[in-house]
Amino acid sequence: MIDIALIRNDTDGVKAALKKRGCDADLNGILGLDAKRRDIIGRTETLKAEKNKVSADIPRLKKAGENVEPIFKRMRELGDQISANDEQLKTVEEQLRHELLCLPNLPDPDVVAGDKESNAVIKVWGKKPEFAFPIKNHVELCESLHLIDYERGVKLAGNGSWLYTDRGAVIEWALLNYFIKTHIKDGYTFILPPHMLNYECGLGAGQFPKFEDDVYRVETAEGGAARRFMLPTAETALVNIYRGEILQEKDLPKKLFAYTPCYRKEAGSYRAEERGMIRGHQFDKVEMVQVTTTDQSKAAFEELVGKACALVEGLGLHYRLSKLAAGDCSASMARTYDIEVWIPSMGIYKEVSSVSNANDYQARRNMTRYRTADGKIDYVHTLNGSGLATSRILPAIVEQYQNADGSVTVPEVLREFVGASLLL
RNA sequence: GGAGAAGUACCCAAGUGGCUCAAGGGGCUCCCCUGCUAAGGGAGUAGUUCGGUAACACGGAGCGCGGGUUCAAAUCCCGCCUUCUCCGCCA
């Protein structure tokens, strides 16, 4: 959520920043609601002050045997006006809050305007593997090596679902273990959160109210009160852990990571060329999150990018790192770097990690704050990064590590978990 | 899922309509006394949030959350959430 005071004081600056991501927001409408809100509050509070004052006198007057009827009459009038104002205020505040919740984050100053085509590759690691034989794509490899059962996955859950079988499951699990082991070694705290979250989590992370249709809803009871949704990423859970809390500066940064499957509708996104595990309704991901002070935020971002890169490098996969243009960053984020790994059969790079800094955007939505050493209160910054999405790494591994005989070499770092160096 | 009880500030806790715009205690902060320690005496202690201000001042909200009744609600009524105890079900 963008600070209303900033919108008020630097309307043009906010407008220009939003424009970078292609958002033409109606800030005048918001400013109008804001002015209206403060006007109502001002008038209502004057009435409330009078009411409190008069009310305090009543017991004394009553005791003295004075006629309090005229006072009751005045109190009734005040009460009526106050409740009328309060009702109006409630409407205005709901509208204003909704408008503010729908505004995307402001991109950082150094994030360039434009969409995907303005993304900038800032690092390339390794080289495209060259093959002296006709290569297979990951679907062929996973089928021939019996790592994945696509057909039965569809039988069980429909299009966009698959089963990891036998060594396929072992590899997937090995990847998760490799990531988890690394994060623990780096001093991050391992979290296994609930997969069904309440509405406030979606609101706080920034998925709601605008992107409610992208997640799976779970009705756990009749009516709406107990409604939950399946988390689309562990970030949604992790950035809400401290929701509504005031943390101590000395306890920051919080460095967390979680493993969860991610559940996404991906409505309309499923394309023929994204067969296999490139895009599914459920995929595994280890997610890193940092909750930091304002000052720690930049360094934390670099740290998360570095960690994500190190994991891919550890696997020996050729990848590139891109800094996304404003329009390609997701709505909650001020900056995002993507790690894209080379998929030989597709001849393109596919995202396996996305590292982002929300600055205080999520913290303002879910009221996560910290008290500084000198007693001031400020919003935390929240950052997140995949570390990593295994379900996209596995296709990259089998394709990049494939051999002429159809076997796949197991990356060094996974061998301790897989117990083999070659998949035949 | 059923029955019962509870939710008050950093913690414990009093409080069934106005002398409570929340008593008392603990803790914490400061002061006094005591050469150290123990003990004692005194003062302060509602965090937060919203409006307002250049900043103060000042004012509003706030007793789990949301409504309602009333001139007036921590207190009465309704809905919800959470916790505890017992029962049921269950990996």
Item to complete: For the pair A:Asp80 and A:Arg76, find out whether any cationic side-chain nitrogen is under 4.0 Å from an anionic carboxylate oxygen.
Response: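 Salt bridge between A:Asp80 and A:Arg76, a charged N being under 4.0 Å from a carboxylate O: no.
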
Practice item. Before accepting this row, confirm whether a basic side-chain N of the pair A:Glu77/A:Arg74 lies closer than 4.0 Å to the acidic partner's carboxylate O. Key: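 Salt bridge flag = yes for A:Arg74 with A:Glu77.
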
Take atom [atom1] in [N] and the same atom in [M], then report the distance between them in whole Å.
N     : M     : atom1 : value
B:A74 : B:G18 : P     : 10 Å
B:U8  : B:C76 : P     : 16 Å
B:C10 : B:G4  : P     : 33 Å
B:G26 : B:A9  : C1'   : 13 Å
B:G67 : B:C84 : C1'   : 27 Å
B:G47 : B:G59 : P     : 16 Å
B:A22 : B:C63 : C1'   : 8 Å
B:U85 : B:C30 : C1'   : 45 Å

Quickly work out the [X] [atom1] to [N] [atom2] distance and round it to whole Å.
X        : N     : atom1 : atom2 : answer
A:Arg43  : B:G51 : CZ    : P     : 16 Å
A:Glu245 : B:C10 : CD    : P     : 13 Å
A:Ile40  : B:A61 : CD1   : C1'   : 16 Å
A:Lys376 : B:A55 : NZ    : P     : 14 Å
A:Met75  : B:U69 : CE    : C1'   : 15 Å
A:Tyr370 : B:G47 : OH    : C1'   : 19 Å
A:Lys53  : B:G59 : NZ    : P     : 9 Å
A:Leu89  : B:G60 : CG    : C1'   : 11 Å

Counterpart residues, side chain to side chain contact (heavy atoms under 4.5 Å, CB included), relative to [X] (two or more places apart):
X        : result
A:Thr409 : A:Tyr401, A:Asn403, A:Arg415, A:Leu422
A:Val154 : none
A:Asp378 : A:Thr294, A:Tyr370

Nearest of [options] to any side-chain atom of [X]?
X        : options             : result
A:Phe72  : B:G51, B:G60, B:C71 : B:C71
A:Glu45  : B:C71, B:U49, B:C50 : B:C50
A:Ile41  : B:G51, B:G60, B:A72 : B:G51
A:Ile246 : B:U48, B:G67, B:C71 : B:U48
A:Asn52  : B:G67, B:A61, B:U48 : B:A61

Check your understanding: Reckon A:Ile377 touches a base, only the sugar-phosphate, or nothing at all at heavy-atom distances under 4.0 Å?
Key ->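 Contact class for A:Ile377: sugar-phosphate only.
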
**Prompt:** Is the closest side-chain donor-acceptor distance between A:Tyr188 and A:Gln290 under 3.5 Å?
**Reply:**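 Yes, A:Gln290 and A:Tyr188 have a side-chain donor paired with an acceptor closer than 3.5 Å.
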
Under 3.5 Å donor-acceptor pairs involving side-chain atoms of residues 304-315 of chain A, not counting sequence neighbours:
| unit_1 | atom_1 | unit_2 | atom_2 | d |
| --- | --- | --- | --- | --- |
| A:Lys307 | NZ | A:His183 | ND1 | 2.9 |
| A:Lys307 | NZ | A:Asp186 | OD2 | 2.6 |
| A:Glu313 | OE2 | A:Lys123 | NZ | 3.1 |
| A:Glu313 | OE2 | A:Tyr319 | OH | 2.5 |

- prompt: Which range-with-range stems can be found for RNA chain B when each stem has 3 or more Watson-Crick or G-U pairs in a row and both distances sit under 3.5 Å?
  reply: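 Consecutive-pair runs (3 or more) involving RNA chain B: B:1-7 with B:81-87, B:10-12 with B:24-26, B:27-32 with B:40-45, B:48-51 with B:58-61, B:64-68 with B:76-80.
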
Applying the side-chain hydrogen bond (donor to acceptor under 3.5 Å, both in side chains) criterion to A:Asp108, which one of A:Thr336, A:Asn357, A:Asn359 satisfies it?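 Between A:Asp108 and the candidates, side-chain hydrogen bond (donor to acceptor under 3.5 Å, both in side chains) is satisfied uniquely by A:Asn359.
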
**Study point:** Residue closer to the 5' end of RNA chain B, A:Ile71 versus A:Lys90 (nearest nucleotide)
**Key:**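 Whichever sits nearer the 5' end wins; that is A:Lys90.
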
Has [X] got a side-chain N or O lying under 4.0 Å from the OP1 or OP2 atom of [N]?
X        : N     : result
A:Arg371 : B:G47 : no
A:Arg38  : B:G52 : yes
A:Arg37  : B:G51 : yes

With sequence neighbours excluded, residues passing salt bridge (Lys or Arg N to Asp or Glu O under 4.0 Å) with A:Arg371
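Applying salt bridge (Lys or Arg N to Asp or Glu O under 4.0 Å) to A:Arg371 gives none.
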
